[in-house]
Amino acid sequence: MKFGVVVFPGSNCDHDAFYAASANAGQQAEYIWHDSSSIANDIDCVIVPGGFSYGDYLRCGAIAKFSPVMSAIKKFAAAGGPVLGVCNGFQILTESGLLPGALLRNTQLSFVCKKVRLEVATTNSPFTCEMVKGSIVTFPVAHGEGCYTADDRTLDLLEAEDRIAFRYIDNPNGSARNIAGILSEGRNVLGMMPHPERVCDPLMGSVEGLALFQSLIASVPALSSSSSSK
Amino acid sequence: MSSITPDLIARNRLTQSEYEKIVSLLGREPSPTELGIFGVMWSEHCSYKSSKIHLKKLPTRSKLVLQGPGENAGIIDIGGGYCIAFKIESHNHPSFIEPFQGAATGVGGILRDIFTMGARPIAVMDALRFGSLDAPRTKSIVKGVVSGISHYGNCFGVPTIGGETVFEPCYNGNPLVNVFALGVAKHTDIFYGRATGIGNPVIYVGAKTGRDGIQGASMASEEFSAESAAKRPNVQVGDPFMEKLLLEACLEAMKTGAIVGIQDMGAAGLTCSTCEMGSRAETGVEIDLKYVPQRETGMTAYEMMLSESQERMLLVAEKGREEEVFAVFKKWGLDAVTIGTVTDDGLLRVKHNGEVMAELSNRALADEAPIYDRPHNAKPYRANAPFDAPEFAVSTDVHADLIRMLASPDLCSKRWIWEQYDYTVRTNTVQGPGSDAAIVRIKETGTSVAMSLDGNGRYCLLDPREGVKLIIAECCRNLSVVGADPVAATNNLNFGNPERPEIMAQLVEAIEGMSEACTFFETPITGGNVSLYNETLGEGIYPSPVMGIVGLLPTAVPVPMEFPKAGLQVLLIGGLRVDTNLQRFGGTQYAKNILNTIWGLPPALDMDYEKRVQSAVREIARAGLAAASHDLGDGGLGVALAECSFGGVGAKVELDATQVRPDLLLFGESPSRVIVATADAAAVQAIAQKHGVECLRLGETMRERLQIRNGASTLVDASIAELKGPWSTSLETTLAS
């Protein structure tokens with residue numbers, strides 16, 4: 001299959017996502033520049049990577065939501081295309097309204113970079129279908145504004161609809177209900193603060209993040225079979 | 001009447017004799033703008049006028065060195081058509097005045113030095129020196145510096161993968177922030193700061209120029225006084241997003257083939273970049289300031305030439321291909337403007353409002369600053385450290401001493417600091433912070449680069465020459481522990497006022513020791529930084545040279561520091577090497593933390609033995625024989641064994657040195673020693689023997705406890721939690737209090 005990795009001027013995990021999708025997961029990948037107004041037809045999954053989109057001096061993702069590529073991604077998601085937002089990508093997806101809630105400054109008020117344990121809270125999604133529900137995976141986080149917040153009604157709804165994809169075992173940022181990642185109503189948009197793309201290579205100490213890519217590959221079977229062998 | 005008064009000369013921080021030299025070089029009086037340009041270019045910071053004659057003693061070549069000192073960064077061949085560019089630089093003075101921005105722009109400056117060479121930065125490390133944690137400003141300086149580094153490096157997207165942090169009262173009024181950065185490039189993609197090609201356009205790119213940081217370089221070239229806080233406007237403000245745009249745009253513009261030379265505008269901004277690029281290429285540079293993008297109105301030529309606004313670069317493009325360059329910068333939303341041309345007259349000509357404001361020889365500015373052989377025929381300054389050891393009682397409780405030492409500011413876990421740095425971005429970090437050496441893999445070559453940053457002001461105060469050799473030995477040992485061959489070094493020379501002979505003596509001794517050790521360990525110096533005048537109110541810092549040494553190694557899963565499982569043999573490569581000469585114990589962490597004093601001399605170093613230990617350890621690591629490995633450094637054997645145990649597996653150690661004082665045995669800091677845990681002691685032994693170094697069996701790993709016995713007496717018997725608790729929480733708790 002083919003991944004499209006969005007590049008905002010301040011994206012800094014774009015190369016990592018590209019490398020994980022191509023070198024580690026063995027799929028095709030290409031970059032999508034932030035002023036693109038459409039997503040190419042052959043893209044099977046869009047990744048909105050981590051970084052600082054347009055500097056994020058205002059509010060993370062507050063400017064990115066107005067970018068041409070986000071309009072294109074909204075259309076892509078509306079048509080059922082899978083969209084994965086990691087870290088800054090998650091912040092941008094909430095700002096853009098593709099996911100509910102918001103990411104606030106970490107409760108300890110400082111940036112945090114560490115490996116955190118996560119519970120796989122649902123396997124009912126194209127991102128987690130190859131994982132084991134209730135199992136524990138360890139992904140790194142690296143963010144200053146990762147405290148997930150939403151009103152109680154929204155949080156209740158997310159839980160009722162099984163839309164919490166990952167929960168922190170050791171909450172590193174004060175997120176409500178230990179939420180580390182959530183799914184859209186259509187289950188084809190996932191936003192998460194931890195970085196699966198950083199644990200796809202044995203040299204990085206773990207390949208647990210590959211399960212997420214493998215889930216995507218498994219859930220886009222028709223498209224992946226022809227392209228992955230190239 | 002002359003517009004140049006003695007007062008104006010002094011305000012540009014030039015001496016009368018320097019002024020006279022300027023007049024004789026020019027054959028006329030300089031204009032005030034010209035005087036300002038000379039003032040910054042001939043400052044200590046830009047001209048190295050006090051250190052230059054001694055820096056020449058350093059080794060700078062090897063078959064791997066592609067670029068030595070004199071460029072923006074040194075370059076080393078790593079094979080496969082690729083090379084690494086790296087350098088260390090200080091931002092000490094700004095970090096005292098405004099810790100957050102001072103440290104942030106320190107990171108920004110060194111990153112630009114790397115990518116101006118065409119290399120993408122892939123790792124940062126920092127060496128930090130703060131005052132005593134109970135001094136009034138220290139906690140706020142620590143928090144400011146750490147968040148400044150975090151802010152800049154994280155946003156830029158470079159992993160901060162290690163470093164070291166030391167607390168000492170001599171840094172109360174003068175913290176040190178030394179930042180090391182390393183980048184990777186193809187051989188064919190290296191760029192230099194040279195204004196070649198007569199008639200080629202000189203292009204300004206990046207952030208707009210403002211009045212910030214004017215004369216920052218000169219500020220870094222004088223002592224601090226009580227009024228230093230008033231210099232806050234001299235500290236620049238950093239914009240890491242702008243730097244990230246500049247990085248991507250510069251690398252992309254370089255790919256067009258239209259760029260012939262490029263240099264960042266760092267210290268002394270537009271002045272330094274223009275005259276240095278011209279001087280290196282033996283050309284002239286003419287610029288018209290009306291084209292310089294400005295974010296303030298009414299700036300004078302003096303202000304624009306001396307501004308140190310951040311995130312700016314100067315480049316020279318091939319005439320007629322400007323549009324290719326402009327297109328790239330436009331794509332990244334950056335200003336790119338032709339501000340002048342390369343000329344054939346060797347002069348820096350600055351026009352402003354239709355008038356020539358400065359017309360000076362590039363060579364005079366960049367290469368003809370006075371060189372001083374400052375008096376150094378004094379004994380190096382030792383503060384209050386006596387030579388002779390005081391009487392001190394044999395410790396009756398080294399178990400309690402060990403716990404106190406593990407919780408001390410220098411030895412405790414620095415997790416609170418490095419968890420604020422993104423150390424895994426770019427997915428190359430094979431080994432990150434909290435290790436002997438940091439390792440990044442190079443995706444392009446399939447090999448790895450290890451790096452170690454080290455300094456020891458206490459050792460250098462006691463003996464600058466021997467102290468710096470110990471630092472270099474330690475860096476190379478750290479690299480060897482992970483299986484890397486040390487290949488090249490960068491240095492940051494942090495010292496006090498060179499006009500005092502006893503300080504100048506420290507500097508000369510340290511450089512000569514560095515020359516000897518770098519030659520011996522085959523790690524030539526490829527560049528670095530000299531930071532002098534680190535004094536506040538006449539109080540100098542300890543002589544604090546910091547070394548950054550890089551090593552090359554095949555890519556592999558790294559050898560951990562922590563013991564992975566019970567039942568492994570614990571060996572000490574190099575042997576115990578206890579030095580019973582009490583004079584050699586006065587620089588140790590035990591003397592600092594338990595006895596609260598300093599005396600004597602640093603530990604004795606046998607460089608030949610050290611080198612053999614390193615060769616043995618590298619071979620052991622590469623043969624896959626080490627299940628865990630850790631070098632003995634600050635705090636000696638006791639602290640190293642505790643650190644190896646923090647993964648939850650400790651060791652039962654049985655020593656047979658009953659004639660030795662237990663404090664010297666556990667906390668002596670003799671170099672040339674490395675702990676190795678292995679399942680195959682015989683094979684490790686054989687390698688040690690082959691290299692002619694001792695391999696002492698210490699004991700065996702075991703779950704959850706560290707026991708150290710010496711003959712019949714138990715020195716330490718602790719649960720890992722008892723040792724790790726104070727070590728892991730100490731810094732955070734102190735900073736929160």
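Per chain, numbering begins at 1; letters A, B, ... match sequence-line order. Quick caveat: nothing in here was measured; it's all calculated off a predicted structure.
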Could you measure the distance from the CD atom of B:Glu248 to the CG atom of A:Asp14? Nearest 0.5 Å is fine. 7.0 Å

Where on B:Ala556 is there a heavy atom nearer than 4.5 Å to chain A: the side chain, the backbone, both, or neither? backbone

So what's closer than 4.5 Å to chain B heavy atoms on A:Pro9: side chain, backbone, both or neither? both

What's the shortest heavy-atom distance between A:Leu203 and B:Val557, and which atoms? CD2-N, 4.0 Å

Just wondering, do B:Arg120 and A:His15 contact through their side chains at under 4.5 Å, heavy atoms? yes

B:Lys244 NZ/CZ over A:Phe52 ring centroid, <6.0 Å and within 45° of normal: no

Given that the side chain runs from C-beta out, which part of B:Pro558 has a heavy atom under 4.5 Å from chain A: side chain, backbone, both or neither? neither

Going from OH on A:Tyr54 to CG on B:Leu245, what distance comes out if it is rounded to the nearest 0.5 angstrom? 11.0 Å

Residue pair B:Thr424 / A:Arg198, side-chain donor-acceptor N/O under 3.5 Å: yes

Tightest non-hydrogen contact, residues A:Lys114 and B:Tyr423, listed as CA-OH, 3.8 Å

Please say whether the positively charged group of B:Lys331, taken as NZ for Lys or CZ for Arg, lies over the ring of A:Trp33, i.e. under 6.0 angstrom from the six-membered ring centre and within 45 degrees of the axis. yes

Heavy-atom pair of closest approach, residues A:Tyr19 and B:Lys443: CE1-CD, 3.3 Å

When heavy-atom pairs shorter than 4.5 Å are enumerated against chain B, which of A:Ala23, A:Gly10, A:Gly144, A:Cys200 gives the highest number? A:Gly10

Would the distance check show the side chain of A:Asp16 and the main-chain N or O of B:Arg426 forming a donor-acceptor pair, the cut-off being under 3.5 Å? yes

Which atom pair, heavy atoms only, marks the closest approach of A:Cys113 to B:Asp422? SG-CA, 3.8 Å

Hey, does the side chain of A:Asn12 reach the backbone of B:Asn154 with a donor-acceptor pair shorter than 3.5 angstrom? yes

Between A:Phe111 and B:Ser150 the two heavy atoms that sit nearest each other are CB-OG, 3.6 Å

Search all heavy atoms of B:Asn428 against all heavy atoms of A:Met204 and return the closest pair with its distance. C-CE, 3.6 Å

Find the distance between CG (A:Leu109) and OG (B:Ser147) and round it off to the nearest 0.5 Å. 11.5 Å

Please verify the inter-ring angle class for A:Tyr57 with B:His151; under 30° counts as parallel, over 60° as perpendicular, anything in between as tilted. tilted

